[in-house]
Amino acid sequence: MPAETPLNRGRVLLAVPAYNEALTLGGVIEQLRSAQLDVDVLVVNDGSRDATEVVATAHGVLLLNHLCNLGYGRATQTAIRFAERAGYDVLVTYDADGQHRPEDVRALLDAFGAMGCDLLIGSRFMPGAPGFNAPWSRRLGMRLFSRVVWIATGARIHDTSSGLRVIRRSVFNLLTRRLFVDFHAEAIVYLLGCGYAVKEHPITVEERRHGTSMYGVSSVVKYPLKTLLLVIIGLLEARMVRRKVDDTA
Amino acid sequence: MTLHSTVLVEIGLLVLIAWVIHLVRRDRLYSGYGALLIVTFGGAALIILVPGLLRMVTALMGALLPASALMMLAVFLILVMLVYILSQITLLSNRISLLTQELALRQVTSRRRDGT
């Protein structure tokens, strides 16, 4: 099931899921525009209570409005559904908090074309990446889930929670069929388990300038438990998907 | 169980059944949940009312006293209902999410069609 046309990347949609990011969103869109990436930019306004919608409209980008806040995973899923229906070949997910750099998108798209994988993760921690100054609890969680993915699939993914990813059309349908709460380790394990290719490419991530992370204090306990459960379920479901594919072949 | 406690519990269960019927009639409780609750409360009322049944349940559960057996049964039923209710909430939440996503997708499609 790996990607068929590695060098022809086709139409690209860059999706920015945004929740109360009015302070940074304008700058992010401007940066993306000035980088002339040859991509369509879509903002998924996930029920923001600030002026996120106004900012996105003022900048003339494609805008999808969730009437209420559904969370990061659902916002990403809406972007995937849009990309699938509008006939895009590749989807790039990009954070609205200004932590990502447009030049990394260009490098990721080039690497994506050359590598021929189905999901390419912009990695902050793989060898060659400058690293990222996260709180100890998050660093511990990231290491833990990198290990979990390794044990579950045998693949070495250093950064399971990066928001900068390139997704090929071949997995759009698979990623909208189930709910992936954060599109992190659970989605990676599921795709790898189904036989798709997931790889990493180093990126640089800047410090957040405004707002707060979507992970609060309660996430320290909730996130690992929730993700671990979803990883196990994802692994089991991937086996069933593969068995069905083998049976029909 | 003493006659006093049996009467009290039976009255309590009958009040609960009446409340459930009232809620279903007013469309404030889904009839499926209503049926489930009435069967549960009715079953409990029957076990308490028929002495032979209560002794059998106590022996089946390995409890020393009928009150302990009833307590164990009640806790188990509450846990089953808790899981069921949480699963129904999740189902509703998923439906709301799907509707919200679909609405967002349809709005952008109509905006593009209108050229706005």
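Because the structure is a prediction, the values reported are computed rather than measured. Reminder, nothing fancy here: chain letters follow the sequence lines and each chain counts from 1.
- Heavy-atom contacts from other residues, nucleotides or ligands closer than 6.0 Å to CE of B:Met61 number more than 12.
- The environment of CZ in B:Phe76 is sparse: at most 12 heavy-atom neighbours from other residues, nucleotides or ligands sit within 6.0 Å.
- Within a 6.0 Å sphere centred on CG of B:Leu60, other residues, nucleotides and ligands contribute more than 12 heavy atoms.
- Contacts with chain A (heavy atom to heavy atom, under 4.5 Å) involve these residues of residues 85-106 of chain B, listed by number: B:Asn94, B:Ser97, B:Leu98, B:Thr100, B:Gln101, B:Glu102, B:Leu103, B:Ala104, B:Leu105.
- More than 12 heavy atoms of other residues, nucleotides or ligands sit less than 6.0 Å from atom CZ of A:Arg33.
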Less than 3.5 Å apart, which donor and acceptor atoms pair up between the side chains of residues 6-13 of chain B and the rest of the protein, not counting sequence neighbours?
from	atom 1	to	atom 2	distance (Å)
B:Thr6	OG1	B:Thr2	O	2.8
B:Glu10	OE2	B:Leu49	N	3.4

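- In the displayed structure, A:Met240 atom CE is contacted under 6.0 Å by at most 12 heavy atoms of other residues, nucleotides or ligands.
- In this structure, chain B has a heavy atom under 4.5 Å from the side chain of A:Leu70, while its backbone stays farther away.
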